[in-house]
Amino acid sequence: MNSKSVYKVPNGKLLKIILDYDEKNNSINSVRITGDFFAYPEEAIEAMEDELKNVHLDEDSLLDKINNVIQNKNIEFIGLDAKGLTTGILMCVK
Amino acid sequence: MSEKWRLLKTGANTAAKNMAIDRAVLVANSLGKVPPTVRFYQWNPPAISIGYFQSLEDEIDIINCRNLGVDYVRRITGGGAVFHENELTYSIVISESHKKIPKNIMESYGRICGAVVKGLSNIGIESEYKPINDIITGGRKISGSAQTRKMKTVLQHGTVLMDVNVEKMFSLLKVPDEKIRDKLISDVKDRVTSIKHVLDKDIKFDIAAKAMKKGFEEEFDIILTKGEITNMETELTEKFERGCFGNQEWNHKR
């Protein structure tokens, strides 16, 4: 199932998510994180997209995974955060 | 004794070449081959640049770009889509470890935008830095910037609007809902301004560039000395033009 969301992160930038998800398992097949935010290093966003594959579409699982990748890849977001990214992804399945 | 940095004035180039030069200077500086560099430039043909994370298809009306002879390119920096026509574009490349540049990314935006604020002040425009990446005057945006850090080096580039054509800009950008196109245009007209609009007269690019040069010198307590692109940078520029910014795979990658 393909879906999109557009979410203005509070005090941040405009996040646009393109999501392909498995309805039966309620999990991510693939996700594309786009928008006018900043992330350092930039290439880490592709790693984030990879790491989110198969993650269950609930707030706790997403937040855990995203925070984990931020820590492991030493990502600094500006205009976006783990909570905002989670919200943007979950908006695709509402 | 003030430190000497290099000033590059590269005139008007294609979108791919402009982005390739910024990246080439970043690489050359990271290898210690060139001093900290401030560059002023323009775009010919006019172009839209999109942020690294943006979806090209989602942001740009490619057919209208082709019809109007407008170029497009994906930047290596984040941030939003920018229509580059009547503007002064600046870039600064400096080592992350240079004492004049804050380690903290947001603080470094503030410092570099401080140079642009001083530059605007030199042509009689009072403005202020508005985080994350804007400079505003009278409540309206006159400049936007984007920064990346690669190879322990900072590259920040940004636009200073000399004039702005919001209708043309919106004919080149996709809008989420066609029904609200007119509303978006009028909103952006209320939120964006330009040197021409504020001063009610045209300012020549060279005058604006001179004011910006002085702004950078004042902010960083340095002397900007006119320099040229080195042979190494020319080679890197060609490489990045071919392999990256002029390459459709790069531009359409997200």
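So you know, we letter chains A, B, ... as the sequences are listed, proteins then strands, and number each from 1.
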Next on the checklist: For R23(B), is there an ion pair with E241(B) - N to carboxylate O distance below 4.0 angstrom?
Outcome noted: no
Checklist entry - Of the backbone (N, CA, C, O) and the side chain (C-beta and beyond), which part of E59(B) lies under 4.5 Å from a heavy atom of chain A, both, or neither? => result side chain
Next on the checklist: Out of G79(B), G78(B), A146(B), return the one with the most heavy atom pairs under 4.5 angstrom to chain A.
Outcome noted: G79(B)
Checklist entry - So, are K150(B) and E43(A) salt-bridged, with charged N and O less than 4.0 Å apart? => result yes
Checklist entry - Going through the distances and angles, do E76(A) and R149(B) end up as a salt bridge (Lys or Arg N to Asp or Glu O under 4.0 Å)? => result CA-CA 11 Å; E76(A) 184 171 347; R149(B) 294 179 175 215; over 6 Å; no
Checklist entry - Considering only heavy atoms, which portion of Y40(A) lies under 4.5 Å from any heavy atom of chain B: side chain, backbone, both, or neither? => result side chain
Checklist entry - Mind checking whether F77(A) and F38(A) have ring centres under 6.0 Å apart? => result no
Item to check | Residue I50(B) versus chain A: region with a heavy atom under 4.5 Å | outcome: neither
